[in-house]
Protein chains: 2
Amino acid sequence: MAQPSVSSYLRMQEVKRAMIEDSNPTNRVLDVLSFLAAHPAETFTLAEIARQVGLSTGSAHRVLTTMAKAQFLARDEKRRTYSLGVAMVAAGQAAIEKYRGVDIARREIAKLAAELDVQCSASTVTAGELMVLVKEGAPKSHMALTRVGERRPLIPPVGLCHVAWAGEAAIEAYIGKVDFYLSETVRKHLHDTFPLIRRRGYSISVTGPNAGHALQAMTLPIGRAPDAEYWTNLYELIGKIMPDEVQLFDLAGADETGIGHITAPVFAPDGTVAMQLVMIGMARKLGARDIEHYAERLCATAALITSEMHGRVPKG
Amino acid sequence: MAQPSVSSYLRMQEVKRAMIEDSNPTNRVLDVLSFLAAHPAETFTLAEIARQVGLSTGSAHRVLTTMAKAQFLARDEKRRTYSLGVAMVAAGQAAIEKYRGVDIARREIAKLAAELDVQCSASTVTAGELMVLVKEGAPKSHMALTRVGERRPLIPPVGLCHVAWAGEAAIEAYIGKVDFYLSETVRKHLHDTFPLIRRRGYSISVTGPNAGHALQAMTLPIGRAPDAEYWTNLYELIGKIMPDEVQLFDLAGADETGIGHITAPVFAPDGTVAMQLVMIGMARKLGARDIEHYAERLCATAALITSEMHGRVPKG
DNA sequence: AATATATTTTCCAATATTGGAAAAATAAAG
DNA sequence: CTTTATTTTTCCAATATTGGAAAATATATT
């Protein structure tokens with residue numbers, strides 16, 4: 001401690017070491033793309049994007065003009081607003097070549113959403129994270145909890161269908177992430193959830209403020225890893241979730257609360273869950289028969305996509 | 001010249017002014033995305049991408065790991081390669097919401113490409129540039145001149161269908177860009193081309209080395225504006241193009257050379273050309289009837305897409 | 001029309017990023 | 001198993017980028 005210069009040198013090294021794996025300018029670009037992808041219907045001014053993404057107006061100016069010049073963003077000269085550009089369409093189309101199932105899913109859930117007047121989305125799991133790939137259907141009220149491109153950690157109560165067919169070890173690991181924060185009742189409920197999902201072929205939950213809050217707190221930031229506060233806050237909210245918000249066992253018991261979402265699995269050729277279809281925005285006050293009807297339609301769509309992807313439902 | 005410090009200051013200012021509108025770190029990210037989008041079927045190592053995009057390995061390392069961490073790139077840990085990731089799929093799907101015609105076009109040209117065993121692509125014009133949005137169909141031989149996401153300036157002989165219905169002023173401006181470099185014969189041929197395209201409803205050309213070379217020299221770089229050499233070289237190559245490489249007037253005269261491409265317009269609701277469909281890779285040694293058959297099929301697909309987009313063919 | 005409000009663009013010192021080289025880690029060949 | 005050839009990762013001085021404030025421009029309001 002007698003040599004401040006050495007101390008400060010070490011501190012700098014430490015800081016550098018912490019950032020060495022991340023390129024901030026790169027994350028800025030990805031942040032902008034992610035933000036605009038999450039709000040595809042809207043257009044934004046430079047100042048709005050700068051605020052939302054956490055850039056200074058100066059930096060945002062250069063980043064956005066550069067992206068617009070390359071056609072990755074479209075600029076409306078009259079309104080001075082930005083939105084996703086044609087180069088993103090091109091790059092996205094190219095990416096789809098690698099993820100063939102996605103456009104099949106998009107086509108089918110668009111049909112379903114239009115037909116039943118609900119909102120449908122599809123998500124996948126990569127690197128232990130759940131990402132929303134597609135969303136179709138007019139948004140009702142304030143149910144826009146999921147945005148395209150958003151990522152969430154794969155922990156209860158999200159991604160149940162991704163886990164349900166992944167084997168006992170994966171299920172235990174999944175529960176284990178929040179085990180400590182759950183009441184005995186919910187823990188038991190969660191354990192019983194997976195056999196039920198496999199038997200039914202879909203997952204279902206009721207609406208509730210607790211699950212809603214947890215979902216909102218779950219969105220992962222692009223560049224930086226979530227900090228300790230993120231996890232503390234999240235675990236606390238997850239601890240408050242009610243059993244029915246995780247999984248609705250008795251379909252007749254939803255009269256009052258209303259259905260939060262129904263999700264169904266799309267299987268890949270290797271029998272793993274490739275995508276999870278999510279349906280939200282159903283009418284309230286549904287009877288058990290009505291609910292089953294929605295679920296059956298979602299499962300039928302999931303089965304169709306599975307089939308078109310040459311997917312295979314695992315035995316068991 | 002007596003004050004070097006002032007001189008160097010001014011020079012710096014000048015340099016800064018020239019770059020003030022462009023963010024290099026941003027362009028790096030877009031370059032990587034564009035490169036990978038242009039080769040959607042392949043995967044690349046860090047070193048390969050660094051070479052192709054012109055980055056130092058050090059920078060490439062940070063950029064690529066950052067992009068991979070955000071799921072914009074997918075990393076194959078075993079082979080240590082990168083390709084487009086799921087976040088790009090998500091962002092692309094979001095972008096499509098703004099450009100509804102594109103996925104309709106994709107679906108239809110995929111059908112057409114499979115059915116006729118040819119390669120089809122769709123391009124659009126933004127900010128005076130032509131961009132390839134979609135490409136479908138197995139590549140034959142070395143006809144992979146167009147890559148998804150690639151941009152070309154809208155000058156003869158590319159984008160004829162985009163211009164043919166844009167009015168006399170646009171046509172004159174279009175021809176004017178290369179007017180000086182054309183022989184009298186080709187200039188006349190080019191002027192006669194547009195009424196013919198409108199009458200036929202499509203554009204058609206024969207294969208030829210001159211047009212091929214010009215096309216290859218045309219690809220625009222992402223970040224930097226093309227330099228003087230780019231234009232000099234390009235104009236020289238365009239000057240060498242033969243009339244039939246621009247437009248084939250007599251369909252019976254293609255026996256020997258073979259058809260280069262056929263293109264047809266997709267119209268937007270406002271009657272402008274929204275996209276240009278391009279068909280390449282047809283069998284060689286075709287008679288006039290065979291050629292017409294291909295053209296009719298392409299035009300039928302273009303008409304279908306126009307219809308699904310609620311587009312309208314302009315009167316005239 | 002004039003004022004107020006908001007947004008875009010420019011500028012420069014402070015600072016984070018880059019390129020290049022060298023080290024570590026792999027993969028391939030002997 | 002050892003050596004050779006690549007590729008990936010780390011490091012630091014050189015340098016290009018950033019944030020913040022202020023100027024210019026546009027939009028809304030009185």
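Labels below follow one simple rule: chain letters A, B, ... track the order of the sequence lines, proteins then strands, and each chain is numbered from 1. This structure is a prediction, so every number in the text was calculated from the model and none was measured.
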Pair Glu136(A) + Arg106(A), salt bridge at N-O below 4.0 Å: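 Answer for the salt bridge query: yes.
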Salt bridge Arg312(B)-Asp270(B), side-chain N to carboxylate O under 4.0 Å: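 Salt bridge: no.
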Whole angstroms only, please: what is the [atom1]-[atom2] distance between [X] and [N]?
X: Leu46(A); N: dT25(D); atom1: CG; atom2: P; result: 17 Å
X: Asp76(B); N: dT8(D); atom1: CG; atom2: P; result: 12 Å
X: Leu55(B); N: dA21(C); atom1: CG; atom2: P; result: 16 Å
X: Lys78(B); N: dT7(D); atom1: NZ; atom2: C1'; result: 18 Å
X: Ile49(B); N: dT6(D); atom1: CD1; atom2: P; result: 19 Å

Contact between [X] and [Y] at the side-chain level, heavy atoms closer than 4.5 Å - yes or no?
X: Met275(A); Y: Ser123(A); result: no
X: Leu220(B); Y: Arg152(B); result: no
X: Thr124(A); Y: Leu130(A); result: no
X: Val53(A); Y: Arg28(A); result: no

Upstream residue (5' side of DNA chain C) when Thr57(A) and Gly58(B) are each assigned their closest nucleotide: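 On the 5' side of the pair lies Thr57(A).
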Among [options], which nucleotide has an atom closest to any side-chain atom of [X]?
X: Arg28(A); options: dT26(C), dG19(D), dT10(D); value: dG19(D)
X: Arg62(A); options: dT10(D), dT9(C), dC11(C); value: dC11(C)
X: Ala47(B); options: dT7(D), dT9(C), dG19(D); value: dT7(D)
X: Ser59(B); options: dT7(C), dT8(D), dT18(C); value: dT18(C)
X: Arg75(B); options: dT9(D), dG19(C), dT8(C); value: dT9(D)

dT17(C) OP1/OP2 closer than 4.0 Å to side-chain N/O of Asn24(A):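 For dT17(C), OP1 or OP2 has a side-chain N or O of Asn24(A) closer than 4.0 Å.
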Short side-chain N/O contact to dT9(C) OP1/OP2 from His61(A), under 4.0 Å: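 Checking dT9(C) against His61(A), a side-chain N or O does come within under 4.0 Å of OP1 or OP2.
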Axis bend over the full length of the helix from dA1(C)-dT30(D) to dG30(C)-dC1(D), computed from five pairs that close each end, to 10 degrees: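 The angle separating the two end axes equals 50°.
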Sugar-phosphate only, base, or nothing, as touched by Arg79(A) at under 4.0 Å among non-hydrogen atoms: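 Since no nucleic acid heavy atom lies under 4.0 Å of Arg79(A), the category is nothing.
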First encountered from the 5' end of DNA chain D, between Val63(A) and Arg80(B):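 Checking each residue's closest nucleotide, the 5'-ward one belongs to Arg80(B).
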Of Gly54(A) and Tyr82(B), the one whose closest DNA chain D nucleotide lies more 5':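 Checking each residue's closest nucleotide, the 5'-ward one belongs to Tyr82(B).
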His39(B) ring center within less than 6.0 Å of Phe44(B) ring center: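 They qualify: ring centres under 6.0 Å apart.
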